[in-house]
Amino acid sequence: MQIGIVGLGRMGGNIAVRLTRHGHDVVVYDRDTAMVEKTVARAEAGRAVAASNLADVVEKLNGPKKIVWSMLPAGAITEETVMALAGLMQKGDIVIDGGNTYYKDDIRRAKVLAEKGIDYIDVGTSGGVWGLDRGYCMMYGGPREAADYIDPILTSLAPGIGDIPRTPGRDRDRADLDPRAEQGYLYCGPAGSGHFVKMVHNGIEYGMMQAFAEGFDVMYRKDSPLLAEDERFSLNMADIAEVWRRGSVVSSWLLDLTAQALAKNGELSEFSGEVSDSGEGRWTIEAAIEESVPVPVMTAALFTRFRSRSGNTFAEKVLSAMRFGFGGHVENKN
């Protein structure tokens, strides 16, 4: 298939390149022309074409349906891009938003585009800077027919079943279970549902990261002079992270990333510990309030990120190390 990719940052560029590796053709655009040139150079020869603006992206697409995937930060830039595409594309075309958009914005935009006969699909995309080789876990929503139409694209981006053991009970034919979930992508429902699921995913991520960070901080400070001398331990954080990776019930990709950072520098001195939040944690808590669902862990994790910007601890450095590991997030330097 042919698809336009708008926004070639940490994930957008890799998405474009991965698609060309799986036999798709891409038309790529970014306001930074250097990113466009870099993406075309990294793509499979002849499968990536540069565009100079949004109109050029649409012009260079062909086929029965034109498809454009926006991979931009949530907010004004995505709003402007989607609405600009709505004015450039035709009935039957498909606009995909793969960024971390607020799901209520998806619902609103989908209605606007539907009036023009354009299908809008929201794709919550997880995989960070590792997705080029590992693939991306995707949760998506929108009109079912349009979602099925782009399935070859999603199949190519998804990680596939790989070497992860099948979940007991999924090895039988069951009408209530979607086989695509095992491949790492899932149709969640109408417009907004994909980003809603990804939003909650990120809220959970906040809580998991915070638990690791606090646990390592407790161990890191076990040699504190505030403790009785015979109760002080000098613990090696890198070795503890490594042993937990091997058969522990808390083993995970987040722990893998923590172990990598600690093996490089046990003090994590390259991190300030000032931890940003990208929006999904706040939106998850707002949704919980609307539904009257208690989420104390995620709320505390979000508030800890707020506090980290006015003085921080080893725990926040662990958080920064994990964020850099999975998403390439670089701390803001004031």
Side-chain angles (χ1 to χ4, degrees), residues 1-5 7-26 28 39 42-45 47-48 67-71 94 96-100 121-142 144-189 193-202 204-205 208 245 247 251-257 260 322 325-328:
M1 299 182 76
Q2 186 190 38
I3 181 173
I5 306 292
L8 305 174
R10 285 192 300 263
M11 292 177 68
N14 283 347
I15 284 173
V17 173
R18 184 174 173 89
L19 286 172
T20 66
R21 290 181 178 180
H22 286 76
H24 300 283
D25 296 312
V26 298
V28 295
T39 302
R42 292 168 56 218
E44 290 296 307
R47 290 203 171 275
I67 308 168
V68 178
W69 181 306
S70 170
M71 200 65 187
I94 300 172
I96 302 169
D97 178 9
N100 283 325
I121 298 177
D122 58 291
V123 181
T125 312
S126 181
V129 295
W130 301 84
L132 175 61
D133 296 316
R134 289 170 56 112
Y136 299 91
C137 174
M138 294 169 292
M139 303 131 269
Y140 58 105
R144 189 59 180 262
E145 184 177 347
D148 289 344
Y149 185 82
I150 66 167
D151 192 78
I153 292 169
L154 301 176
T155 300
S156 297
L157 291 174
I161 196 166
D163 58 1
I164 299 175
R166 299 191 72 186
T167 300
R170 296 198 74 107
D171 52 354
R172 303 186 303 271
D173 288 335
R174 289 180 52 182
D176 61 324
L177 297 178
D178 190 333
R180 290 172 294 192
E182 287 188 309
Q183 302 299 319
Y185 70 112
L186 179 67
Y187 177 73
C188 298
S193 62
H195 275 146
F196 181 81
V197 174
K198 175 58 163 53
M199 177 189 78
V200 176
H201 163 283
N202 283 26
I204 293 170
E205 177 187 296
M208 292 173 65
R245 294 181 63 218
S251 59
S252 66
W253 189 23
L254 290 175
L255 181 60
D256 293 346
L257 297 170
Q260 291 173 27
M322 281 188 278
F326 69 73

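Nothing here was measured: the structure is a model prediction, and the numbers come from that model.
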For this session: Start with the C-alpha distance between Q183 and T155, add both sets of side-chain angles, then the distance that settles side-chain contact (heavy atoms from CB on, under 4.5 Å), and finish with yes or no.
Result: CA-CA 8 Å; Q183 302 299 319; T155 300; over 6 Å; no

Exercise. What's the verdict on side-chain contact (heavy atoms from CB on, under 4.5 Å) for R180 and L154, showing C-alpha distance, side-chain angles and the deciding distance?
Worked result: CA-CA 10 Å; R180 290 172 294 192; L154 301 176; over 6 Å; no

For this session: Decide yes or no on side-chain contact (heavy atoms from CB on, under 4.5 Å) for M139 and V200, but give the supporting numbers first.
Result: CA-CA 11 Å; M139 303 131 269; V200 176; over 6 Å; no

Exercise. Where do D148 and Y187 land on the side chain to side chain donor-acceptor pair (under 3.5 Å) test, with the steps shown first?
Worked result: CA-CA 9 Å; D148 289 344; Y187 177 73; over 6 Å; no

Problem set entry | Stepwise side-chain contact (heavy atoms from CB on, under 4.5 Å) test for I96 and Y140 | CA-CA 10 Å; I96 302 169; Y140 58 105; over 6 Å; no

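Remark: D163 CG is loosely packed, at most 12 non-hydrogen atoms of other residues, nucleotides or ligands lying under 6.0 Å away.
The distance from atom OG of S252 to atom CG of L257, rounded to the nearest 0.5 Å, is 8.0 Å. Here the straight-line distance linking atom CG of L19 with atom CG of D25 works out to 10.0 Å at 0.5 Å rounding. Taken to the nearest 0.5 Å, the CD1 atom of I121 stands 3.5 Å off from the CD1 atom of I150. The distance from the NE2 atom of H22 to the CG atom of L157 is 8.0 Å, given to the nearest 0.5 Å. In this structure, CG in N202 is found 5.0 Å from CD in E205, a value given to the nearest 0.5 Å. Y136 OH to N14 CG: the interatomic distance, rounded to the nearest 0.5 Å, is 4.5 Å.
Aromatic ring pairs are classed by plane angle as parallel below 30°, tilted from 30° to 60° and perpendicular above 60°; the pair W130 and W253 is perpendicular.
At distances below 3.5 Å, at least one donor-acceptor pair connects side-chain atoms of R47 with backbone N or O atoms of G23. Put simply, the side chain of T125 gets close to the backbone of G98: a donor and an acceptor are under 3.5 Å apart.
Using a cutoff of 4.0 Å between basic side-chain nitrogens and carboxylate oxygens, D97 and K198 are not scored as salt-bridged.
Smallest separation of non-hydrogen atoms from I67 and M1: CD1-CE, 3.6 Å. Contact record, R18 with D133: NH1-O, 3.5 Å, taken as the closest heavy-atom pair. Counting all heavy atoms, side chain and backbone alike, L177 lies closest to R170 at CB-NH2, 3.6 Å. Contact between H24 and S156 at its shortest, heavy atoms only, is NE2-OG, 2.8 Å. V197 approaches C188 most closely through the heavy-atom pair CG2-SG, 3.9 Å. Heavy-atom minimum distance, R174 versus G169: CD-O, 3.6 Å.
Looking only at side-chain heavy atoms (C-beta outward), W69 and V26 stay at 4.5 Å or farther from each other. With contacts defined as side-chain heavy-atom distances shorter than 4.5 Å, the pair E182/T167 does not qualify.
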